[in-house]
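Structure first, then comments.
Within every chain, numbering begins at 1; the chains are lettered A, B, ... in the order of the sequence lines, protein sequences first and strands thereafter. Computed from a prediction, not measured in an experiment: that's the story for all the values here.
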Amino acid sequence: MQAQLSPNDPRYPYGAAVRYGGAAALGALGLVFAAVLPILGSAKVPFIACYTVLILVSAALGGFWPGVLCTLLCTAGVVYWLEPHGKFDIHDPSETLGAAVLVLNGVIVSAISERMHRAMRFERKARVLAEQTSRAEQAAREATQQALEIGVSAQKARDEMLGLVAHDLRDPLGVIDMNVGLIEKLAGASEQVRQRAAVVHRTVRRMSRLIGALLDSSQVIAGELSIDLDVHSMEELLVETVEEHQLEAKMKAIQLDHDSPRGLPMVLCDRDRVLQVLSNLVTNAVRFTPSGGRIQLRASSFDGFVRVSVSDTGAGISAAMLPHVFERYSRDRREKGGRTGLGLSIAKFVVERHGGTIQVASKEGAGSTFSFTLPVAGAPPSEDRLQLVADEANPLRSSTRSG
Amino acid sequence: MIDVLVVDDNRDIAECLELLLTSEGYRVRVAFDGQAGLWALDERLPDVLILDVEMPVLDGPGMAVQMLLEDCGREAIPIVLTSAVVQLREIAAGVGTPYYLSKPYQPSALLALVARSAQERIAPCPPIPAGRSPCKHS
């Protein structure tokens with residue numbers, strides 16, 4: 001309570017002068033009542049009740065001590081008023097008791113007012129704190145949103161640029177490839193020229209594949225990679241893939257063949273995209289398989305799906321790398337000669353867009369088997385495929401789902 | 001002799017295609033934008049049109065639309081769409097041609113496609129907007 005006596009207590013809405021001055025003025029008013037009003041007989045009681053109001057007002061405005069000050073002044077007034085009127089003197093013990101009760105009342109009312117002041121003060125503080133917290137939260141939310149927008153727009157800009165650059169690179173590549181082809185053709189080229197031309201063609205094809213992977217990847221991120229479903233024979237796709245890569249495999253003395261059972265059901269797929277997936281798996285297998293090795297493409301059907309696997313007798317993948325092979329820009333793969341690390345992430349996306357899954361099983365030094373599934377044409381949609389349709393609005397989510 | 005019109009704004013590619021196709025026994029003319037391509041069509045109708053997508057003045061799809069506007073034989077010319085644009089498949093579907101090849105391509109792949117289109121002669125048939133009648137020549 002001592003602190004409330006300091007002259008300018010910041011915890012009260014008014015200064016000390018106003019608080020104590022107000023209390024003194026109200027107390028004085030009580031004294032004036034007692035001095036100037038005549039003896040009113042029975043009307044004395046309501047006037048005495050007015051003192052309580054004066055005390056209440058002083059305490060409410062000024063707190064505990066101004067309330068007590070007003071109480072004391074008012075009690076003095078009452079004593080002055082009572083018989084014998086005009087003197088600070090009481091003879092009747094009941095009136096002494098009344099004055100004591102008035103003082104007690106005043107002190108209690110002042111204490112309650114003080115409590116009320118404190119409660120109001122706490123409430124004000126709490127409100128200010130809540131406002132500050134809410135403002136800080138809002139600012140944090142806006143900052144997060146802004147950072148997110150900057151991040152998204154930066155990623156979008158990067159992907160748009162990637163697409164543009166890749167497109168502008170493919171045109172000149174075409175010019176190089178065609179002109180070398182022409183030189184080879186028109187000059188009636190020697191064996192040596194044909195060999196050099198083959199190197200250029202191969203290099204152009206490799207670069208073209210890399211640019212294609214960058215383009216596909218930017219499309220995957222932008223959610224623009226389209227899938228054009230139709231009914232196709234998986235056997236035909238396997239034959240086409242083997243034919244395309246046979247020369248490449250022969251150059252490394254790798255045996256490349258395929259095996260699919262009779263009566264394999266037709267699949268519902270995007271032909272070009274599935275060929276792209278197969279080509280990526282076989283290219284990787286050729287790259288990681290040493291001379292004299294074997295690469296096998298197998299197909300089988302089960303439960304509304306066709307499973308295709310590409311097995312090699314190559315270097316295999318370490319247990320530490322295995323969970324990351326389908327990630328974009330997988331660094332481990334790049335370090336081991338896996339180039340951009342985009343092909344498998346695109347393959348995963350393409351397979352999952354079909355409603356299938358892609359998996360890898362491998363042991364270091366003992367070869368790898370990549371396998372993926374595609375839905376059989378006319379098979380009822382499974383829950384996974386329904387989920388995929390739901391995911392289509394957000395291709396990034398489905399691309400990061402583990403396969 | 002099969003008559004081919006090559007429309008490509010990349011002169012290196014257009015001239016290279018001219019040499020390649022001529023060496024294979026085709027009769028070849030070259031134009032460097034869609035508008036020049038339309039003028040070349042006025043002169044003589046080819047058996048096959050090799051058309052780039054992105055070109056100044058009038059682009060490939062724009063030229064294909066112009067060819068469909070009048071029934072004077074131009075609408076029946078098979079179009080081989082070639083481009084390095086990402087969405088070539090979708091653009092080919094919009095033009096309505098089954099023949100398209102993404103750049104860079106193997107010269108042999110283009111020759112095979114041109115030979116196939118000259119043999120099959122499937123005219124472009126863009127998707128029908130609601131309420132319109134389908135292509136007359138399809």
Report task. Provide the closest heavy-atom pair for A:R170 versus B:V85 in the form atom of the first, atom of the second, distance. Result -> NH2-O, 3.6 Å
Query raised in the report: Does CD in A:Q192 sit with more than 12 non-hydrogen atoms of other residues, nucleotides or ligands closer than 6.0 Å?
Result: no
Requested in this report: To the nearest 0.5 angstrom, please state how far the CD atom of B:E90 sits from the CG atom of A:D228.
Outcome: 8.0 Å
Requested in this report: Select one option (side chain, backbone, both, neither) describing which atoms of B:S108 are under 4.5 Å from chain A's heavy atoms.
Outcome: neither
Requested in this report: Using a 4.5 Å cut-off on heavy atoms from C-beta on, say whether the side chain of A:D171 contacts that of B:E54.
Outcome: no
Query raised in the report: Can you name the closest pair of heavy atoms from A:D177 and B:Y105 and give their distance?
Result: OD2-O, 3.5 Å
Query raised in the report: Of A:L169, A:L173, A:I211, which meets side-chain contact (heavy atoms from CB on, under 4.5 Å) against B:P104?
Result: A:L173
Requested in this report: Inspect the surroundings of CD in A:Q246 and state if more than 12 heavy atoms from other residues, nucleotides or ligands are less than 6.0 Å away.
Outcome: yes
Query - When A:I176, A:D270, A:V204, A:D216 are compared by non-hydrogen pairs under 4.5 Å with chain B, the top option - result: A:D270
Query - Greater than 12 external heavy atoms within 6.0 Å of B:E120's CD - result: yes
Query raised in the report: Relative to chain A, which segment of B:Q106 carries a heavy atom at a distance below 4.5 Å: side chain, backbone, both, or neither?
Result: both
